[in-house]
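The structure appears below as structure tokens.
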Protein chains: 2
Amino acid sequence: MEQTLTNSIQDYLKNIYELTENGESASTNALASRLNVKPASVTGMVQKLASAKPALVEYQKHQGVTLTDDGKKAALEVIRHHRLLEAWLVQTLGYTWDEVHAEAEKLEHVISEDFERRIAAAMGHPLRDPHGELIPTADLQMPLDDSTPLSSLRPGQFGKIEYVKASEAELLRYLENLGLIPGADIEVKDHSPFDHNLTIKMGRKSVVLGLNITSKIYVKES
Amino acid sequence: MEQTLTNSIQDYLKNIYELTENGESASTNALASRLNVKPASVTGMVQKLASAKPALVEYQKHQGVTLTDDGKKAALEVIRHHRLLEAWLVQTLGYTWDEVHAEAEKLEHVISEDFERRIAAAMGHPLRDPHGELIPTADLQMPLDDSTPLSSLRPGQFGKIEYVKASEAELLRYLENLGLIPGADIEVKDHSPFDHNLTIKMGRKSVVLGLNITSKIYVKES
DNA sequence: AATATATTTTAGTCAAGACTAAATATTTTG
DNA sequence: CAAAATATTTAGTCTTGACTAAAATATATT
Ligand SMILES: [Mn+2]
Ligand SMILES: [Mn+2]
Ligand SMILES: [Mn+2]
Ligand SMILES: [Mn+2]
């Protein structure tokens with residue numbers, strides 16, 4: 001019997017994907033805090049996902065979880081929905097990039113595959129969402145990401161912003177006001193080694209950004 | 001404490017509204033069959049809705065339920081969502097009138113009030129959905145319905161179809177093929193008193209329709 | 001290596017919303 | 001109008017996905 005992917009399961013898988021994108025495993029606590037749920041609840045759900053047939057996660061006590069191939073497909077399906085929806089809310093209903101996330105978070109679980117196809121086609125099969133994040137393809141492959149966090153650049157390096165990995169509206173509005181949006185060209189002017197602040201120049205403006213911002217802005221070095 | 005309107009509660013309220021539009025009360029069995037749920041489950045939910053604060057339904061054992069003013073507002077909110085969504089799926093994504101219902105059924109519960117306003121504005125505040133059904137206004141009033149069921153017309157009477165109260169895809173395609181869609185002008189040519197069949201003429205075509213169809217087509221006599 | 005701290009798991013509860021089976025009420029009919 | 005048929009309610013159960021409190025394990029610090 002095929003496991004039903006409830007909203008809750010979809011959210012777990014999506015968040016496990018996002019935590020493990022770079023190889024590490026997702027810890028109980030990290031998942032709990034992203035999902036706004038207690039760690040004990042995560043353990044329960046993770047055990048269930050691990051013993052589902054087919055299994056959706058790989059799990060060993062105290063070692064965190066990683067997605068199985070089935071789990072990854074399911075996660076990418078949700079992420080594709082989310083990012084297509086965000087793009088489409090912006091393009092057709094005039095939402096701004098700081099407004100789309102909450103709406104997409106709810107819609108992602110309920111749209112049909114037909115709806116997914118229709119909005120993708122209507123937009124000409126976009127590659128990125130309004131934050132610049134890559135949209136998984138229709139056959140559920142995540143395109144290759146050739147960017148690095150801005151926090152890894154040093155004075156003298158130049159880059160173009162590819163995406164901003166953030167959903168909090170205030171941060172997004174702050175960045176937009178500064179012109180720190182996908183496509184923007186920036187130059188790193190200064191680095192303070194102890195607090196990890198970077199001084200960034202875009203056009204004629206400069207701004208000092210802390211690590212909690214620079215680690216969320218992904219750039220392509222140029 | 002304000003009652004949370006779960007998806008399930010929203011569906012109960014919507015269906016109670018539709019069953020009681022014409023004054024009667026909604027029976028346990030009728031609700032159960034619309035909601036694809038057992039009668040015992042309906043009794044349980046209805047008792048809960050009746051003792052919610054504020055109460056959403058009026059309930060007396062074995063007498064069925066009616067909506068309170070609060071329940072009615074909540075029902076109209078869901079119906080407004082549903083019908084706006086149907087209109088919008090047709091207008092912007094090329095859905096046909098037989099495809100929209102299932103999608104709207106899921107989306108109706110998750111869109112925000114902001115989304116509702118945006119699609120209403122984008123369509124110029126439409127009055128009717130793709131089936132011709134009236135859309136409750138933004139302040140949750142149901143506009144006056146000046147139509148009657150086609151089944152109440154008799155030979156010699158003329159009418160224009162205002163709406164079709166149906167969601168089954170096959171029936172809708174059948175009617176569309178016959179040209180029996182909102183706006184169509186029809187004439188009743190014959191009535192067979194025992195089986196309630198009506199012979200309907202539209203343009204140069206004629207068709208005999210049974211009561212289970214003519215009771216779902218609402219017309220304005222002309 | 002021993003202890004303190006942080007993380008994770010277990011065990012037991014709860015609420016929502018369905019279900020079945022049995023009891024009761026209402027309606028229809030001979 | 002009483003029996004039969006139909007409709008509704010009650011009582012008890014189940015699943016999902018949370019929660020708290022307590023126990024177990026892992027990691028960090030001395
Ligand atoms: Mn988002
Ligand atoms: Mn979600
Ligand atoms: Mn509909
Ligand atoms: Mn619904």
Side-chain angles (χ1 to χ4, degrees), chain A residues 1-16 19-20 24-66 71 74-75 78 105-106 108-110, chain B residues 1-16 19-20 24-66 71 74-75 78 105-106 108-110:
Chain A
M1 171 145 357
E2 280 287 301
Q3 166 83 40
T4 307
L5 298 177
T6 62
N7 283 15
S8 191
I9 291 177
Q10 289 179 34
D11 281 336
Y12 273 87
L13 295 175
K14 180 173 70 160
N15 281 281
I16 293 167
L19 281 171
T20 58
E24 323 91 70
S25 79
S27 75
T28 300
N29 261 7
L31 271 170
S33 101
R34 278 178 155 257
L35 291 161
N36 295 309
V37 134
K38 302 297 173 197
S41 307
V42 171
T43 300
M45 177 60 96
V46 139
Q47 287 172 342
K48 178 173 139 182
L49 297 178
S51 57
K53 283 180 288 193
L56 298 167
V57 306
E58 203 87 58
Y59 167 67
Q60 304 204 102
K61 277 188 194 179
H62 296 98
Q63 303 303 130
V65 285
T66 54
V78 182
E105 197 64 41
K106 294 179 298 171
E108 66 188 7
H109 306 294
V110 303
Chain B
M1 172 146 355
E2 279 286 303
Q3 165 83 39
T4 308
L5 297 177
T6 62
N7 284 15
S8 190
I9 291 176
Q10 289 179 34
D11 280 336
Y12 273 88
L13 294 175
K14 180 174 70 160
N15 281 282
I16 293 167
L19 281 171
T20 58
E24 322 91 72
S25 79
S27 76
T28 301
N29 262 6
L31 270 171
S33 100
R34 280 176 153 258
L35 291 162
N36 294 308
V37 134
K38 304 294 172 199
S41 307
V42 172
T43 300
M45 178 59 96
V46 138
Q47 287 172 342
K48 178 173 138 183
L49 298 178
S51 58
K53 284 179 286 191
L56 297 167
V57 306
E58 203 88 57
Y59 167 67
Q60 305 203 102
K61 277 188 197 181
H62 297 99
Q63 303 304 131
V65 285
T66 53
V78 182
E105 197 63 41
K106 294 179 300 172
E108 66 188 7
H109 306 294
V110 303

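The model shown is predicted, which means the values in this text are computed figures rather than measured ones. In the text below, chain A, chain B and the rest are named by the order of the sequence lines, each starting its count at 1. Only heavy atoms go into these numbers, but all of them, side chains included; no hydrogens, no water, no symmetry mates.
Summarising the local packing, NZ of A:K38 is surrounded by 12 or fewer heavy atoms from other residues, nucleotides or ligands at distances under 6.0 Å. Surrounding CD of B:E58 are at most 12 heavy atoms belonging to other residues, nucleotides or ligands under 6.0 Å away.
The nearest whole Å value for the distance from the NE2 atom in B:H62 to the C1' atom in D:dA7 is 7 Å. What separates CG of B:D11 from P of C:dG17 is a distance of 11 Å, to the nearest Å. To the nearest angstrom, P of C:dA18 lies 5 Å from CE of B:M45. Per the geometry, CG belonging to B:L13 stands 11 Å off P belonging to C:dG17, to the nearest Å. Here the P atom of nucleotide D:dT16 and the CD atom of A:Q10 are 15 Å apart, to the nearest Å. What separates CG of A:L31 from P of C:dT8 is a distance of 10 Å, to the nearest Å. A:H109 has its NE2 atom 18 Å from the P atom of D:dT16, to the nearest Å. A:K38 has its NZ atom 6 Å from the P atom of D:dC19, to the nearest Å.
Residue A:T66 comes nearest to A:E24 through the heavy atom pair CG2-O, 4.4 Å, listed as atom of the first residue, atom of the second, then distance.
Put simply, B:S41 has no side-chain N or O that comes within less than 4.0 Å of OP1 or OP2 on C:dG17. The phosphate of D:dA7 has neither OP1 nor OP2 within less than 4.0 Å of any side-chain N or O from B:S27. Note on A:Q63: every side-chain N or O is 4.0 Å or more away from OP1 and OP2 of D:dT25. For C:dA16, neither phosphate oxygen OP1 nor OP2 lies less than 4.0 angstrom from any side-chain nitrogen or oxygen of B:S8. For the OP1/OP2 pair of D:dA7 and a distance below 4.0 Å, the side-chain nitrogens and oxygens of B:K61 include no atom meeting the criterion. Dashed line: the shortest gap from a side-chain N or O of A:T28 to OP1 or OP2 of C:dT9 is under 4.0 Å. Contact annotation: B:N29 reaches the phosphate of D:dT8 (side-chain N/O to OP1 or OP2, under 4.0 Å). Between B:Y12 and C:dA16 there is no side-chain polar atom (N or O) within less than 4.0 angstrom of OP1 or OP2. In terms of phosphate contacts, B:Y59 brings a side-chain nitrogen or oxygen within less than 4.0 Å of OP1 or OP2 of D:dT9.
Remark: the backbone N or O of B:T28 is not paired with any side-chain donor or acceptor of B:T43 at under 3.5 angstrom.
In this structure, A:T6 and B:Q60 both approach DNA chain D, and ranking their closest nucleotides by distance from the 5' end singles out B:Q60. When the nearest nucleotides of DNA chain C are assigned to B:K48 and B:A40 by heavy-atom distance, the more 5′-ward of the two goes with B:K48.
When side chains are defined from C-beta on, B:K14 does not count as touching B:H109, because their heavy atoms never get closer than 4.5 Å.
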